[in-house]
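Encoded as structure tokens, the structure appears first; notes follow it.
Counting starts at 1 for both ligands and their atoms, following the listed order.
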Amino acid sequence: MERVVSGIRPTGRLHLGNYFGAMVNFLKMQKTNDCLFFIADIHSLTTHPTPEDLHGNITQTLVEYLASGLDPEKATIYVQSDVPEIYELYALLNMNAYVGELNRTTSFKDKVRQNPENVNAGLLTYPVLMAADILIHHAAKVPVGKDQEQHLEMTRVFARRFNNIYKVDYFKEPDAFNFGQELIKIPGLDGSGKMGKSEGNGIFLADDPKLIRKKVMRAVTDSGPTVPNSPVSEAVQNLFTIMNVVSEPEMLEFYKQSYANCSIRYGDLKKQLAEDIIKFTDPIYQRMNDLSNNKEYLNKVAQKGAERAREIASKTVKEVREIMGIKRI
Ligand code: TRP
């Protein structure tokens, strides 16, 4: 089984776009691959969360991923900071990561532009930590979105460089896990673009039914079709697109027909859409509540994940130390 490694940002608030994007693919991958999914809490320290926020977000992220169906019996699920071997490899890889190339990373340049007051060394070496995350498990595949492609390329560079410097064939260069056609983009409720975190635009798995109804009823539409078969505006098409993933096909067909013959009432469409979203999210929502109240189980999952991850990681670090000449006198 090919090994897959993926880091998850501990933002703790998954929306439907995240669910139908990365999550659906994680759920498939865990059945067919040796998957290691981890919560990248050390990466998130670059933005200086408060200790309370950091801890809360890690817990909430674990809750949301488990509630969505990540299965600790199938995949290895752990918290990055529970595997200190990752920092050790990070320190060692840093010696062969050049400030010039790190400076040129797009994500770093963006961060410098956005937050010139917080250009810390952790941000600069973010790609090295990410390389450590991946290389420590000798991952074959890494599922990455567009924004992470450069980081993965740098992982490949660091792997190759290590092999060259020490004249070994030790690290293998990971490939991107290509979702291809399967990546579904979920639009937002504000009339244009994809679903994001801004309030009103996104529906979160943690939203209760009342809030979901409120958000959907406020979704942007248009003034309605006046001539049969008129083109569908982006805002209305967006609601159809969401309906396409949560509703029965007949329901979507019905509203498309009623748009085409101008009998559509957006209020009805929204009511139906809200109920179908709730039907879809409710079991996840219930599981989230159960899991949040079961700290013992969460702890068990994190511990089991860390044990398996450390088993692999400690072997890698031991081998890397030997290759580099770090050994007892
Ligand atoms: N940088 C990734 C993101 O922002 C998260 C991440 C950290 C990651 N380490 C990783 C992803 C290793 C894949 C593999 O989404």
Point to revise | Pair Q80-D133, side-chain donor/acceptor within less than 3.5 Å | key: yes
**Study point:** Identity and distance of the protein heavy atom lying nearest atom 4 (O) of ligand 1
**Key:** R9 NE, 2.8 Å
Point to revise | Heavy-atom nearest neighbour in the protein, as seen from atom 6 (C) of ligand 1, with distance rounded to 0.1 Å | key: G7 CA, 3.8 Å
Exercise for review: Identify the protein heavy atom lying closest to atom 9 (N) of ligand 1, giving its residue, its atom name and the separation to 0.1 Å.
Suggested key: D133 OD2, 2.8 Å
Practice item. Verify the distance criterion only: is there a donor paired with an acceptor across the side chains of Q114 and D110 at less than 3.5 Å? Key: no
Practice item. Give the numbers and elements of all ligand 1 atoms closer than 4.0 Å to a heavy atom of V142. Key: 13 (C), 14 (C)
**Study point:** Within reach of ligand 1, part of F37 (heavy-atom separation under 4.0 Å)
**Key:** neither
Review point. How many angstroms lie between CZ in F162 and CD1 in I323, if you round to the nearest 0.5 Å?
Key: 4.5 Å
Review point. Using a heavy-atom cut-off of under 4.0 Å, does the side chain or the backbone of I134 touch ligand 1, or both, or neither?
Key: side chain
Review point. Mind checking whether I39 and L66 sit in one hydrophobic cluster, side chains of I, L, V, M, F, W, Y counted as touching below 4.5 Å?
Key: yes
Review point. Any idea which protein heavy atom is nearest atom 2 (C) of ligand 1, and the distance to it?
Key: Q148 OE1, 3.3 Å
Practice item. Using a strict 4.0 Å threshold on nitrogen-to-oxygen distance, state whether R287 and D290 make a salt bridge. Key: no
Exercise for review: Could you check whether the rings of Y259 and Y266 sit parallel, tilted or perpendicular, using 30° and 60° as the cut-offs?
Suggested key: parallel
Point to revise | Per-atom contacts of ligand 1 with H43, taking only distances under 4.0 Å to non-hydrogen atoms | key: 7 (C), 9 (N)
